[in-house]
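Note on naming: letters A, B, ... go to the chains in the order of the sequence lines (proteins, then strands), and numbering restarts at 1 for each one. This structure is a prediction, so every number in the text was calculated from the model and none was measured.
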2 protein chains.
Amino acid sequence: MEEGTLKSPGHCEVTTGQADEYGDTDPYQWDAREDCEVRQILDRVADKWSLLVIALLDRRVWRFSELRREIDGISQRMLTVTLRQLERDGLVKRTVHPVVPPRVEYELTALGRTLHTTIRSLVSWTEHHQGEIAAARADYDVREAAVRA
Amino acid sequence: MEEGTLKSPGHCEVTTGQADEYGDTDPYQWDAREDCEVRQILDRVADKWSLLVIALLDRRVWRFSELRREIDGISQRMLTVTLRQLERDGLVKRTVHPVVPPRVEYELTALGRTLHTTIRSLVSWTEHHQGEIAAARADYDVREAAVRA
DNA sequence: CAGAATCCGCATGGATACTG
DNA sequence: CAGTATCCATGCGGATTCTG
């Protein structure tokens with residue numbers, strides 16, 4: 001598990017890899033710097049499974065195996081990793097019931113619910129425009145095939 | 001030559017057809033199926049570089065090397081791949097000026113601009129809550145360290 | 001049931017060299 | 001300048017096994 005080096009918000013510090021000398025000021029603080037905290041958070045949100053998990057958790061409380069069954073294609077390992085990351089970020093609350101067999105339940109925190117609103121709009125956009133995207137892809141593929149021929 | 005349309009190497013190729021129309025617009029139908037088109041699009045949008053590129057392109061028209069310089073940490077290869085994907089999806093328009101040396105400019109399409117609105121809100125959320133997330137992480141790490149000890 | 005731990009295949013993506 | 005092509009290291013993530 002990677003140790004996220006955390007600095008105060010706004011302070012940029014290189015996590016891993018070479019630092020190199022930066023120096024110029026960036027008009028848009030959030031974007032370019034890969035050591036920028038906002039980018040780290042975006043990377044977390046914009047990962048393969050997080051969006052799915054958050055969207056599901058918004059509906060109700062889920063048990064681990066329920067999520068596993070519901071999310072098609074996720075491995076047990078990745079579900080665990082994803083849930084831990086979201087829990088660490090304060091987006092998901094994990095509740096262990098001391099019973100046998102174990103019963104662990106997951107739900108969104110208040111913070112997680114605010115994020116869900118945004119995610120919801122992203123999903124909505126995708127739903128609304130999937131036709132246009134499919135058309136654009138088909139168009140692109142045809143044109144590229146023509147060039148290649 | 002790698003193609004972006006690669007599915008995850010899982011076994012779940014239920015309906016490998018392009019599924020042009022699922023018919024239903026159920027708000028909560030998008031999630032589970034990994035063959036769902038919405039999920040494929042989300043995977044594209046939610047990748048490491050796409051968000052960054054789209055956000056930059058909304059500002060103005062950019063040349064290739066400008067983007068390369070601006071996006072810290074991206075390799076020339078990944079910038080090319082990302083731009084091609086976005087172009088294929090109809091989100092980015094690529095204009096080649098037949099001059100020497102070559103001049104290629106990138107900008108958002110109308111479709112891309114509609115997505116930018118959503119992305120902008122995602123970035124805003126991140127900016128707004130990065131403090132809370134940092135605190136949650138610190139809290140989590142402390143507690144985990146305590147357990148481990 | 002929920003997960004931790006382990007092994008490891010292979011896609012992801014960086015570095016380099018070459019081209020129009 | 002704006003790519004393409006190639007090689008190759010890294011690590012993501014799947015499969016499996018073991019535990020409380």
Side-chain angles (χ1 to χ4, degrees), chain A residues 1-4 14-18 20 34 43-44 46-50 52-53 57 61-88 92-107 144 147-148, chain B residues 1-13 34 40 43-44 46-50 52-53 57 61-88 92-107 144 147-148:
Chain A
M1 218 65 62
E2 105 259 23
E3 292 291 328
V14 173
T15 54
T16 56
Q18 69 287 21
D20 290 344
E34 81 176 281
D43 281 355
R44 177 66 33 97
D47 103 322
K48 186 180 174 65
W49 301 113
S50 293
L52 258 33
V53 170
L57 287 182
V61 176
W62 293 75
R63 299 185 59 175
F64 184 86
S65 51
E66 288 178 327
L67 287 171
R68 182 151 154 62
R69 270 193 303 273
E70 187 71 11
I71 302 177
D72 187 37
I74 197 171
S75 66
Q76 176 243 37
R77 175 182 142 81
M78 287 317 296
L79 180 54
T80 300
V81 170
T82 301
L83 285 170
R84 286 292 183 282
Q85 288 176 342
L86 293 175
E87 185 194 2
R88 178 169 180 262
V92 163
K93 181 186 170 199
R94 176 172 177 266
T95 307
V96 181
H97 297 90
V99 296
V100 178
R103 179 183 192 88
V104 181
E105 294 183 324
Y106 295 90
E107 61 191 308
E144 198 203 7
V147 171
R148 189 173 299 271
Chain B
M1 177 68 78
E2 57 186 311
E3 239 332 274
T5 37
L6 206 74
K7 278 170 61 83
S8 59
H11 58 311
C12 295
E13 33 187 40
E34 88 175 85
Q40 292 178 29
D43 280 354
R44 176 63 34 91
D47 103 320
K48 185 179 174 64
W49 303 113
S50 295
L52 258 32
V53 170
L57 287 181
V61 177
W62 293 75
R63 297 185 60 174
F64 184 86
S65 50
E66 288 178 327
L67 288 172
R68 182 152 154 61
R69 269 194 304 273
E70 187 70 13
I71 303 177
D72 186 39
I74 196 170
S75 66
Q76 176 240 40
R77 175 182 140 81
M78 287 316 297
L79 180 55
T80 300
V81 169
T82 301
L83 285 170
R84 286 291 182 282
Q85 289 175 343
L86 293 175
E87 185 193 0
R88 178 169 180 261
V92 163
K93 181 185 170 200
R94 176 172 178 265
T95 307
V96 181
H97 296 90
V99 297
V100 179
R103 180 183 191 87
V104 181
E105 294 183 325
Y106 295 90
E107 59 192 311
E144 198 203 5
V147 171
R148 190 173 299 269

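Contacts of R68(A) with the nucleic acid, taken as non-hydrogen atoms under 4.0 Å apart, are absent.
When the nucleotides dG14(C), dA2(C), dA2(D) are ranked by their closest atom to the side chain of S75(B), dG14(C) comes out on top. Listed nucleotides: dC1(C), dA2(D), dA15(D). Nearest to the side chain of R77(A): dA15(D). Among the nucleotides dG14(D), dG3(C), dG3(D), the one closest to any side-chain atom of T80(A) is dG3(C). Of the candidates dG3(D), dG3(C), dG20(D), the closest approach to any side-chain atom of Q76(A) belongs to dG3(C). Counting only heavy atoms from C-beta on, R84(A) has its side chain closest to dG3(C) among dG3(C), dA2(C), dC1(D).
The distance between atom CZ of F64(A) and atom C1' of dA4(C), rounded to the nearest whole Å, is 11 Å. When the C1' atom of dA2(D) is taken as reference, atom CZ of R94(B) falls 8 Å away, rounded to whole Å. The CE atom of M78(A) sits 14 Å away from the P atom of dA4(C) (whole-angstrom rounding). If you measure from atom CZ of R103(A) to atom P of dG3(C), you get 13 Å, rounded to the nearest angstrom. Nucleotide dA2(D) holds its P atom 8 Å from the OH atom of Y106(B), rounded to whole Å. Protein atom CH2 of W49(A) is 10 Å distant from nucleotide atom C1' of dG13(D), rounded to whole Å. Whole-Å rounding puts the L79(A) CG to dG3(C) P distance at 8 Å. Atom pair E66(A):CD and dG3(C):C1' shows a separation of 16 Å (rounding to whole Å applied).
A salt bridge links R103(B) with E105(B): at least one charged nitrogen is closer than 4.0 Å to a carboxylate oxygen.
Residues V61(A) and E107(A) form a side-chain contact, since some pair of their non-hydrogen atoms from C-beta on lies under 4.5 Å apart. Y106(A) is not listed as a side-chain neighbour of R63(A), based on a closest heavy-atom distance of 4.5 Å or more. Put simply, the side chain of H97(A) reaches to within 4.5 Å of the side chain of T95(A), judged on heavy atoms.
Put simply, CD on E70(B) and CG on L79(B) are 11.5 Å apart, with the number rounded to the nearest 0.5 Å.
Distances shorter than 4.0 Å separate some side-chain N or O of R63(A) from OP1 or OP2 on dA2(C).
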